[in-house]
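Down below is the structure, laid out as structure tokens.
The basis for the numbers below is simple: all heavy atoms, side chains too, and nothing from hydrogens, waters or symmetry mates.
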Amino acid sequence: MCVAVPGKIVEINGDTAKVYILGNICETNIKLVSAKIGDYVLIHAGCAIEVLKKDMAEEILSLFNDLEEEQNEDS
Amino acid sequence: MKTLETIKKELKEYDGKNIKIMEVCGTHTSSIFKNGIRSLLSPRIQLISGPGCPVCVTASSYIDRLVEYSLKDNHCVLTFGDMMKVKGSKLTLTEAKAMGGNVKILYSPLGAIKAAMKNPDTQFVFAAVGFETTIPIYALLIEEIIKNNIKNLRIMTSLKTIIPAISYICVNEKKIDAFLCPGHVSVIIGSSVYSEMASKYRKPFVIGGFEGGHIIAAVYEIVRQISNNEYSMKNMYQSAVSSEGNEKAKALIYKYFEAADDYWRGIGIIEGSGLRLKAEYKDFDAGSTSSEDVDITPAGCKCTDVILGRIAPVECPLFGKACTPLNAVGACMVSSEGACGIWYRNCEV
């Protein structure tokens with residue numbers, strides 16, 4: 001039930017925004033976040049619950065980097 | 001950089017002590033299957049599902065109250081689709097609808113505002129079920145009800161908070177070695193709460209995202225910590241989860257709701273594990289009595305053992321035989337986020 005999907009804000013009108021999600025434009029409530037046009041937000045049940053901080057692919061790469069550093073520290 | 005191939009090889013060839021990792025988010029359970037994560041791990045690393053689906057832990061008496069409401073004249077129950085097939089003591093909301101009950105599925109709780117304004121002569125109740133990911137949206141709904149002076153819309157709450165449930169498992173179920181913490185609940189509550197949990201229960205608490213790479217990295221970190229006798233919180237979903245979480249959302253939750261004891265299907269009452277509307281907002285409550293809820297477990301159903309991570313869904317004697325998504329006996333088979341339903345859709349039965 002806690003499924004959330006990322007989308008890019010393309011237009012803001014007060015507390016709602018038009019968000020581009022996988023080829024669709026969806027109306028989303030943005031009252032729970034401080035977001036601006038161009039931001040990627042995480043959307044759950046019609047509301048943006050967080051502004052995404054970095055690219056997901058970049059994040060996974062940096063995770064592997066961190067893991068290696070930790071393991072080097074261990075050994 | 002450590003490559004994914006090296007990590008996969010190390011996880012596959014791991015021959016240390018047996019490790020049982022509990023994930024407490026249905027979306028993680030699904031992603032573990034979709035990405036074939038189990039096939040990448042040594043048999044000594046076991047992934048097991050916990051109480052990660054709010055629908056599955058909602059008491060049957062709560063469903064009964066919704067059913068009753070839907071069958072009253074000029075009343076309508078609004079709900080997420082997941083709740084439609086969960087059985088109360090006698091009926092599901094789908095069956096109530098077939099008997100003439102008024103039940104409508106909404107994608108967002110905020111859609112209830114439009115429905116209530118369009119139909120002023122109907123009394124609406126939203127089935128407010130969920131964990132911290134969804135609870136701020138119910139708070140937004142209450143705010144909108146007040147702002148628009150809507151008199152025909154209330155909520156019936158069965159709201160759960162994850163930390164008391166994980167604490168319950170740490171105290172009562174001794175075989176779980178580490179937790180893969182729920183990604184989207186953590187977006188709201190933040191990562192710092194798990195640091196206290198890690199020190200208190202001396203287990204790794206790792207927050208992971210939902211991509212295959214996220215999960216593999218999180219499992220690898222857990223195995224690394226256990227192999228080195230470490231136990232700490234590690235946030236491996238930093239693109240979405242901050243240390244303190246979404247402060248706006250948390251402030252809104254505690255403006256309207258307060259902690260209360262709550263009933264979990266299959267477990268019973270867990271102290272302080274739910275949220276209810278504060279006394280000053282009781283007018284918006286359509287009869288939530290979560291701490292007085294009761295539950296009827298169908299004969300043979302092992303949902304309790306599944307929710308507490310004692311068994312995998314396939315170990316239940318009803319799984320795939322008497323209990324399937326088309327004819328679910330237990331709540332874990334009903335919801336798309338329930339462990340049994342996810343296992344059924346992804347396993348050969």
Kindly give the heavy-atom pair with the smallest separation between [X] and [Y], and that separation in Å.
| X | Y | answer |
| --- | --- | --- |
| A:K53 | B:A240 | NZ-O, 3.9 Å |
| A:V3 | B:E337 | CG2-OE2, 3.6 Å |
| A:K31 | B:K248 | O-CD, 3.7 Å |
| A:I49 | B:N246 | O-ND2, 2.7 Å |
| A:A45 | B:S108 | O-OG, 2.7 Å |

[X] atom [atom1]: more than 12 heavy-atom contacts under 6.0 Å:
| X | atom1 | answer |
| --- | --- | --- |
| A:Y40 | OH | no |
| B:K9 | NZ | no |
| B:Y107 | OH | yes |

>> Less than 4.5 Å to any heavy atom of chain B: does that hold for the side chain of A:V51, its backbone, both, or neither?
In response: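 It is the backbone, since no side chain atom gets that close.
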> Looking at B:L110, B:L252, B:L140, B:V241, which one has more heavy-atom pairs under 4.5 Å with chain A than the rest?
Replying inline: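 Among the listed options, the one with the most contacts to chain A is B:L140.
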>> For the CG atom of A:L32 and the CD1 atom of B:I188, what is their distance to the nearest 0.5 Å?
In response: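 CD1 of B:I188 is found 6.5 Å from CG of A:L32.
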> Could you state the interatomic distance from CG (A:D15) to CD (B:E143), rounded to the nearest 0.5 Å?
Replying inline: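 Result: 9.0 Å between the selected atoms.
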